Q: 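Sharing a structure below in structure tokens format, with a few things to ask.
Residue numbers begin at 1 in each chain, while the letters A, B, ... track the order of the sequences. This structure is a prediction, so every number in the text was calculated from the model and none was measured.
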2 protein chains.
Amino acid sequence: MSTARPPVAVTVDLVVLTVRDDRLQALTVRRGEEPFAGEWALPGGFLQPDEDLATAASRELLEETGLTSDHFHLEQLASYGDPHRDPRMRTVTVAYVALAADLPTPTAGSDAAEARWQPVADLAADDALAFDHATILRDGVERARAKLEYTPLAAAFCPPEFTVTELRRVYEVVWGVEIDPRNFHRKVTGTDGFLEPTGATTTRDGGRPARLYRVGAVRTLHPPLMR
Amino acid sequence: MSTARPPVAVTVDLVVLTVRDDRLQALTVRRGEEPFAGEWALPGGFLQPDEDLATAASRELLEETGLTSDHFHLEQLASYGDPHRDPRMRTVTVAYVALAADLPTPTAGSDAAEARWQPVADLAADDALAFDHATILRDGVERARAKLEYTPLAAAFCPPEFTVTELRRVYEVVWGVEIDPRNFHRKVTGTDGFLEPTGATTTRDGGRPARLYRVGAVRTLHPPLMR
DNA sequence: GACCTTATCGTCATAGTGACATTAATCGAC
DNA sequence: GTCGATTAATGTCACTATGACGATAAGGTC
């Protein structure tokens, strides 16, 4: 084990995803300072002295969206530490993914910087975001896509009570595929613990009233839904 | 975004796993220094100034095992940054998981510290390892278990050429379950791209000669094997 | 009330899986 | 060389899950 201890700045960056206007969108902020001043970047900031990584992620989330972390599904994504990822200094960033329903206010957080939702499809180019944030975003999107397969996490993109069709739209948008409504309905209502009926119905999507569900207790889907 | 930049030491720790004696085992090293002097810990060390995270992981792996990283499947696991995880100072550690066939020399690396393979079942207690390493090990083992389901990664625990039975033993040991040999055989030989027959056979496991396979090109199994 | 829209349920063929039988090919003992 | 033990490989069958699609239900709108 090496004993040297070179100075490294640790940051926490966020891939905040939501489904808006039938597209998967990510929260971006415009940078005010060099480097990359004026360019779009993922929200994030430095890890504070007495803060756990998850705490820092929650704090940044609050600062950028004005919403506490219980409005989100928040999980660690990965860390990125290329020695030259930040021209100013040696940094290592721990990225988190946050999934949210569309409810959160369009974009305005308590933080001063300009913030905006942008479709992830528009941010695919390597230079679409500052630093290595395009890579981080790609990894975050891939994580979200993968997790929809074997967890009930699609519900994190929905309001607390939602219809089967609304849930299906999440899958279609995040995966970019069309799904047969009848087979999907059979699958999700038949998977034990995925959905709990509330007893209520809604006509907000038009047509015949649809049953409302809350997400159930299971953490993994057996068998998984597949892309 | 906060602009403060408190001093943090970044380390890289390794969960090195192998299947030995029909048990899943992890590489552990005995600590020479405080804190936790004399206790077992995961191998690891400080991130060096001009080193990427993956490079640091490879370097540590080489230092601890004497083997270059192409002997392993190496992937990032997660980062851990509880403010008090190291009593000496503020540290954030980026953990990697390395999977290896049993071939690597039992334990002796080029590094001076005493090193040993230990069954992961014996390291389950929170205080079985220094720092938060028991937690990291648990997460690493869980990662390995999960990846066997939907990737051909079980082959990383096997020599370059292996039999279906040897592969099955990996699944049985890592998952801690018994698997029907005939159904397993059907599944893995029928999954396109999982196994490539070498044309050769072996009798090293006794009985009728078994065909030898190399791992194929696919990176994910569709449909997955399930626990 | 006709009709549009969406929700929910049903049908059928096919693929995948668990449980288990059978046959095949080697080794070692005698 | 034959026999038996051992493990490999293939096969059978029932059941479950899934894809593709039809049919019916229950609200809205005009």
Q: Find the distance A:Ile179:CD1 to D:dC21:P and express it as a whole number of Å.
A: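 After rounding, the gap between these two atoms is 16 Å.
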Q: CG of A:Leu195 versus P of C:dT8: gap in Å, rounded?
A: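 Distance, rounded to whole Å: 11 Å.
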Q: It should be established whether A:Thr165 places a side-chain nitrogen or oxygen under 4.0 Å from OP1 or OP2 of nucleotide C:dA7.
A: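 For C:dA7, OP1/OP2 do have a side-chain N/O of A:Thr165 under 4.0 Å.
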Q: Rounded at 0.5 Å granularity, tell me how far OG1 in A:Thr203 sits from CZ in A:Arg208.
A: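 Taking OG1 in A:Thr203 and CZ in A:Arg208, the distance rounds to 13.0 Å.
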Q: CG of B:Leu167 versus C1' of D:dA8: gap in Å, rounded?
A: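 Taking CG of B:Leu167 and C1' of D:dA8, I get 15 Å after rounding.
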Q: Rounded to whole angstroms, how far apart are CG on B:Asn183 and C1' on C:dA21?
A: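 The distance from CG of B:Asn183 to C1' of C:dA21 comes to 12 Å, rounded to the nearest Å.
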Q: Answer with yes or no whether A:Arg208 presents, from its side chain, a donor or acceptor under 3.5 Å of a partner atom in the base of D:dA26.
A: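 Answer is no: no donor-acceptor pair is held.
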Q: Taking for each residue the nucleotide of DNA chain C with the nearest heavy atom, is it A:Pro209 or B:Met226 whose nucleotide lies nearer the 5' end?
A: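 It is A:Pro209 whose nearest nucleotide is closer to the 5' end.
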Q: May I have the distance from B:Leu221 (atom CG) to C:dA15 (atom P), rounded to whole angstrom?
A: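 For the pair B:Leu221 CG and C:dA15 P, the rounded distance is 20 Å.
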Q: Under 4.0 Å between any heavy atoms, over every strand shown, what does B:Thr201 touch: base, sugar-phosphate, or nothing? Just pick one.
A: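 Here B:Thr201 touches no strand at all.
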Q: Is a side-chain N or O of A:Arg138 found less than 3.5 angstrom from the main chain of A:Ala124, in a donor-acceptor match?
A: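 Flag set: sc A:Arg138 to bb A:Ala124 pair under 3.5 Å.
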Q: Using whole Å, report how far NE2 of B:His185 lies from C1' of C:dT23.
A: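 It is 14 Å, rounded to the nearest whole Å.
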Q: Counting just side-chain N and O atoms, does A:Arg211 come under 4.0 Å of either OP1 or OP2 of C:dC9?
A: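 Indeed, a polar side-chain atom of A:Arg211 lies that close.
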Q: Identify the heavy atoms of B:Ala155 and B:Leu167 that sit nearest to each other, and give their distance.
A: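 The answer is N-CD1, 3.8 Å.
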Q: Grab the NE2-P distance between B:His222 and D:dG19 for me, whole Å please.
A: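 The answer, rounded to whole Å, is 12 Å.
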Q: Ring-plane angle category for B:Trp175 and B:Tyr171, please: parallel below 30°, perpendicular beyond 60°, tilted otherwise.
A: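 Rings of B:Trp175 and B:Tyr171: perpendicular, as their planes differ by over 60°.
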Q: Using a heavy-atom cut-off of under 4.0 Å over every strand shown, decide if B:Thr189 touches base, sugar-phosphate, or nothing.
A: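 The answer is nothing, as B:Thr189 stays clear of every strand by at least 4.0 Å.
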Q: Whole-Å distance between D:dA23 C1' and A:Arg182 CZ?
A: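 Rounding to the nearest Å, CZ of A:Arg182 and C1' of D:dA23 are 10 Å apart.
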Q: Need one value for A:Asp205: base, sugar-phosphate or nothing, where a base atom within 4.0 Å counts as base even if backbone is also close, heavy atoms only.
A: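 Sugar-phosphate contact only.
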Q: Compare the minimum distances between each of D:dC21, D:dT18, C:dG16 and the side chain of A:Asp180, then state the nucleotide with the smallest one.
A: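 For A:Asp180, the side-chain atoms sit closest to D:dC21.
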Q: Taking the nucleotide of DNA chain C with the nearest heavy atom to each, does B:Leu225 or A:Arg186 sit closer to the 5' end?
A: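 Closest to the 5' end, via its nearest nucleotide, is A:Arg186.
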Q: Nearest 0.5 Å, what's the CZ-CZ distance between B:Phe157 and B:Phe72?
A: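 Nearest 0.5 Å value for the CZ-CZ distance: 11.5 Å.
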Q: Does a side-chain N or O of A:Lys187 approach OP1 or OP2 of D:dT18 to a distance below 4.0 Å, or not?
A: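 Yes, A:Lys187 has a side-chain N/O under 4.0 Å of OP1/OP2 on D:dT18.
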